[in-house]
Number of protein chains: 2
Amino acid sequence: MSTLKETAPHDPKQNRILASLPAPDYERILPDLEFIPMPLGWTMSESGDHVNFLHFPTAGIVSLIYELENGASSEIALVGNEGLVGVSIFMGGESMPSSTEVQSAGYAYRLSRKIMKREFALGGQLQHLALLYTQALISQTSQTAVCNQHHSLDQQLCRWLLMSLDRMHDNKLVVTQELISNLLGVRRESVTMAAGKLQKDGLITYSRGIIKVLDRSKLEMQVCECYGVVKKEYDRLLPTPSSK
Amino acid sequence: MSTLKETAPHDPKQNRILASLPAPDYERILPDLEFIPMPLGWTMSESGDHVNFLHFPTAGIVSLIYELENGASSEIALVGNEGLVGVSIFMGGESMPSSTEVQSAGYAYRLSRKIMKREFALGGQLQHLALLYTQALISQTSQTAVCNQHHSLDQQLCRWLLMSLDRMHDNKLVVTQELISNLLGVRRESVTMAAGKLQKDGLITYSRGIIKVLDRSKLEMQVCECYGVVKKEYDRLLPTPSSK
DNA sequence: CGTCCTATGTACGCTAGCGAACATAAATGC
DNA sequence: GCATTTATGTTCGCTAGCGTACATAGGACG
């Protein structure tokens with residue numbers, strides 16, 4: 001709508017997996033890539049849903065969440081523009097026991113199940129990258145499991161902030177303490193206290209759903225090893241993290 | 001060595017994935033399947049090791065374990081004859097941040113990385129089953145993460161016993177409380193107490209590394225939903241669980 | 001048959017996080 | 001401008017699991 005050409009026009013290559021595809025693979029699916037916005041709070045799929053699209057986020061953050069019968073829940077992984085959402089499409093299960101929610105608004109390109117399966121069956125680079133990404137996802141999930149068990153909420157909060165930050169373009173996160181508590185599987189009040197400490201120490205400011213990270217390096221000093229382990233594994237497995 | 005033909009000779013088909021392969025796929029890899037014993041306590045691979053073989057257990061239990069810098073650890077998944085060990089070979093990462101330990105002695109057939117990659121690239125049934133199994137593994141890992149966070153040790157112990165039992169042929173587990181504590185990521189004393197309750201209530205007997213499950217149905221009554229959720233997902237994704 | 005080792009049992013104080021109830025304060029809407 | 005809603009802050013008692021220290025008991029082995 002603006003009269004000026006946008007400085008960062010929507011482009012599938014803003015997703016790192018799509019950006020890493022060789023020209024032939026990329027061009028083969030390009031016509032089938034459909035651009036869609038991912039609004040904040042959108043539940044992309046619920047547990048057990050038959051998944052019809054594979055999403056390649058270009059911006060924003062998607063959370064994979066497990067829910068228990070008593071209403072408790074935990075986030076098991078975070079996905080940004082480095083990855084994709086909907087592994088069950090090419091893994092073959094068609095659905096997963098996790099639900100998928102947009103935790104920070106953004107955009108994605110999506111591919112229908114049919115096209116993705118066709119492309120995957122060719123055994124080309126998209127297959128290779130999708131599987132590598134899935135392995136990275138397994139690592140993130142596993143590390144989260146261990147972290148949940150052994151590390152304090154203070155440390156987990158640092159980890160979560162850093163992981164989210166890595167998937168954002170600025171230092172601002174739009175998320176309430178209530179939501180964080182659901183993702184980390186703890187009480188809202190506990191998050192209030194942990195975030196209060198960080199705020200008091202000047203690492204972040206927190207105001208009604210807006211977190212601003214003021215001192216990233218101090219966060220990195222407090223975070224548990226889990227953040228670094230996962231990041232390192234992502235860097236190892238995924239193409240061109242461009243040193244970020 | 002016995003003069004009698006063994007009643008249950010070693011057979012790759014005792015692994016459920018191998019058993020589900022159509023004849024052509026099966027026969028193509030059969031010459032390359034190498035039978036090996038998996039002795040109790042064997043560390044099949046350490047975190048970061050370059051994995052050279054894909055293992056298809058026919059009996060016994062393998063634990064996937066994450067270790068932290070401070071020596072703490074947690075089991076993130078259990079593998080028996082329903083699955084395979086070494087997903088990084090076909091997922092492409094070649095190694096994983098987890099270590100792999102034989103938690104109950106048994107046997108496996110193994111396939112070299114080279115052969116597995118060749119077979120996987122054909123896009124046949126082994127590819128399909130390997131990916132389906134990997135998806136099931138993701139579910140198990142994720143559910144474990146949530147369970148670690150929200151359920152009591154009492155319930156987690158029941159879950160662990162049942163999951164192990166499902167992968168054994170009898171009702172006897174050979175495992176010390178010390179080992180269980182490492183797998184569940186808690187103190188040994190806590191396991192002593194949880195196991196003591198189960199013993200007192202007559203669900204199990206425990207004696208110097210030998211657990212016998214006396215009343216499986218009572219275990220199933222006490223266990224958290226996580227056991228059932230994972231089992232259901234395994235049944236859904238994997239071939240011919242033969243209603244077990 | 002006594003010694004040593006390993007596995008299990010027990011006790012004590014401590015802390016993180018829970019559950020519930022309530023207080024404030026910033027946005028939002030009429 | 002006032003009421004309502006939403007987000008955050010605070011308190012209090014409680015419990016599961018921790019860390020530590022030590023006790024017992026079954027097997028192994030000399």
*How does protein contact run along nucleotides 2-7 of chain C, one letter per nucleotide 5' to 3', with B for base contact, S for sugar-phosphate only, - for none, heavy atoms under 4.0 Å?*
----BB
*Which nucleotide sits closest to the side chain of A/Leu153: C/dT10, D/dT20, C/dG17?*
C/dG17
*Would you tell me whether A/His150 and B/Ser74 have side-chain atoms, one donor and one acceptor, within less than 3.5 Å of each other?*
yes
*Taking NE2 from B/His150 and P from D/dG17, how many angstroms apart are they, rounded to a whole number?*
14 Å
_Quick one, A/Arg167 and A/Pro57 - any side-chain contact, counting heavy atoms below 4.5 Å?_
no
*Value rounded to 0.5 Å, distance of CG in B/Leu137 from CG in B/Leu238*: 10.0 Å
*Scan residues 141-158 of chain B for pairs that pass salt bridge (Lys or Arg N to Asp or Glu O under 4.0 Å), counting only residues two or more places apart or in two chains.*
B/Asp154-B/Lys197
*Quick one: on DNA chain D, does A/Gln149 or A/Val175 contact a more 5' nucleotide (nearest heavy atom)?*
A/Val175
*Looking at side-chain heavy atoms only, is the closest gap between B/Leu184 and A/Gln149 below 4.5 Å?*
no
*Which angle, to the nearest 10 degrees, lies between the helix axes at the two ends of the helix from C/dC1-D/dG30 to C/dC30-D/dG1, each defined by five pairs?*
30°
*Give a yes or no on whether a salt bridge exists between B/Glu82 and B/Arg16, defined as a side-chain N under 4.0 angstrom from a carboxylate O.*
no
*Indicate whether the side chain of A/Ser95 and that of A/Ser88 have a donor and an acceptor atom separated by less than 3.5 Å.*
no
_Would you say A/Tyr234 and A/Asp166 are linked by a side-chain donor-acceptor pair, where the criterion is simply a distance under 3.5 Å?_
no
